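Lettering follows sequence order; numbering is per chain, from 1. These numbers come from a predicted model, not from an experiment.
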Amino acid sequence: MQYWLLKSEPEMFGIDDLQRRPQQIEHWDGVRNYQARNFLRDQMQVGDLAFFYHSNCSPPAIVGVIRIVRAGYPDHTAWQLNHEHFDGKSTPEKPRWFMVDVQYVRHLQRPIALAELKSDPRLHDMPLLQKGGRLSVMPVREEHWNHILQMEREKNG
DNA sequence: GCCAACGTTGGC
DNA sequence: GCCAACGTTGGC
């Protein structure tokens, strides 16, 4: 069982959108970075949990918990000609990009903003907070996961 | 293989 | 809107 952090821009697809999907399940498509692809394709397992992170918004924050309900499989949006994530180098015969299916679990009781994560010394070595931590899919160590859930409970508002 | 140009991410 | 920090592309 591993933990993850998945980024999405809430204006494109936020946690509320996931909550409204049928069975609260959606495929996590559009990842077009090889390192992130490798995590999706090779490491994510059904039952893994992930933080849903809202990026490119104000404030950027962890807003909820989601669960992996289908392991990596080819991202078919890559070969849909008019799709915004189209990539001609990926084909059904030789898929280049992969995705997983995720299911809504819950919102955090309060969003935990990037600034708060940065201010906590116990989280300093999270990949999210490193220079150049732009990956949209990254692993979260168990102690970081637990500590963030602890932060959720400690303050209110 | 090198590296300059270019495109993207994403915080601020 | 700005721009730092990437990653990718393609000429050589």
Side-chain angles (χ1 to χ4, degrees), chain A residues 2-21 26-44 48-66 68 72-102 104-141 143-145 147-152 154-155 157:
Chain A
Q2 282 186 263
Y3 298 104
W4 304 93
L5 182 142
L6 301 180
K7 294 182 184 177
S8 183
E9 303 186 16
E11 289 204 5
M12 298 295 301
F13 183 77
I15 190 168
D16 295 341
D17 299 304
L18 178 61
Q19 189 178 14
R20 283 191 292 265
R21 286 293 192 269
E26 184 57 280
H27 46 257
W28 201 269
D29 65 273
V31 173
R32 297 292 180 267
N33 168 282
Y34 289 104
Q35 201 179 344
R37 186 279 309 271
N38 293 344
F39 287 135
L40 294 172
R41 186 188 60 188
D42 306 332
Q43 289 189 233
M44 276 194 192
D48 286 357
L49 295 175
F51 286 131
F52 197 125
Y53 177 88
H54 280 175
S55 67
N56 207 9
C57 60
S58 186
I62 294 174
V63 295
V65 175
I66 59 183
I68 310 306
Y73 63 104
D75 181 345
H76 53 72
T77 68
W79 53 75
Q80 288 167 12
L81 206 53
N82 292 317
H83 198 282
E84 63 171 321
H85 297 310
F86 174 77
D87 178 355
K89 294 171 198 151
S90 188
T91 66
E93 295 74 31
K94 253 195 143 186
R96 171 174 300 203
W97 303 116
F98 284 73
M99 59 188 177
V100 297
D101 288 356
V102 300
Y104 174 84
V105 174
R106 66 181 184 90
H107 281 67
L108 295 192
Q109 295 174 41
R110 61 185 186 90
I112 300 184
L114 179 62
E116 185 177 349
L117 298 170
K118 280 183 174 173
S119 73
D120 193 315
R122 293 181 58 173
L123 301 176
H124 270 169
D125 55 344
M126 276 190 86
L128 177 70
L129 308 181
Q130 306 298 309
K131 185 160 76 164
R134 298 182 313 164
L135 263 188
S136 63
V137 176
M138 54 180 97
V140 175
R141 296 217 309 267
E143 65 263 32
H144 292 153
W145 179 274
H147 185 61
I148 289 166
L149 294 182
Q150 187 72 30
M151 293 165 76
E152 177 194 12
E154 277 171 0
K155 289 187 202 167

Colleague: Measure CD/A:Glu11 against P/B:dG11 and give the value in whole Å, please.
Modeller: 13 Å
Colleague: Does A:Lys7 have a side-chain nitrogen or oxygen under 4.0 Å from the phosphate oxygens OP1 or OP2 of B:dG10?
Modeller: yes
Colleague: Whole angstrom is fine here: how far is it from CG in A:Asp87 over to C1' in C:dT8?
Modeller: 12 Å
Colleague: How close or far is atom P of C:dC6 from atom CD of A:Gln130, stated in whole angstroms?
Modeller: 11 Å
Colleague: Map A:Arg96 and A:Asn56 onto DNA chain C by nearest heavy atom, then report which one ends up closer to the 5' terminus.
Modeller: A:Asn56
Colleague: Testing A:Phe52, A:Tyr73, A:Phe98 one by one against A:Trp28 for a ring-ring contact (aromatic ring centres under 6.0 Å, His included), which residue passes?
Modeller: A:Phe52
Colleague: Can you measure A:Met138 atom CE to B:dG10 atom C1' for me and round it to whole angstrom units?
Modeller: 11 Å
Colleague: Distance alone, cut at 3.5 Å: any donor-acceptor contact between the side chains of A:Arg96 and A:Tyr34?
Modeller: yes
Colleague: For A:Leu128 and C:dC6, give me the distance from atom CG to atom P, rounded to whole Å.
Modeller: 14 Å
Colleague: Starting from C1' on C:dC6, measure out to CG on A:Asn33 and report it in whole angstrom.
Modeller: 10 Å
Colleague: Calculate the interatomic distance between A:Arg32 atom CZ and B:dT8 atom P; express it in whole Å.
Modeller: 13 Å
Colleague: Below 4.0 angstrom from OP1 or OP2 of B:dG11, is there any side-chain N or O of A:Tyr53?
Modeller: yes
Colleague: Using atom CD of A:Glu9 as one end and atom P of B:dC12 as the other, report the distance to the nearest whole Å.
Modeller: 15 Å
Colleague: A:His76 vs A:Asp29, test: side chain to side chain donor-acceptor pair (under 3.5 Å). Steps then yes/no.
Modeller: CA-CA 8 Å; A:His76 53 72; A:Asp29 65 273; over 6 Å; no
Colleague: Is the phosphate of B:dG10, meaning OP1 or OP2, less than 4.0 Å from a side-chain N or O of A:Lys131?
Modeller: no
Colleague: Quick check: do A:Asp75 and A:His85 have side-chain heavy atoms less than 4.5 Å from each other?
Modeller: no
Colleague: Is a donor-acceptor pair below 3.5 Å formed from side chain A:Arg134 to base B:dT8, judging by atom type as modelled?
Modeller: yes
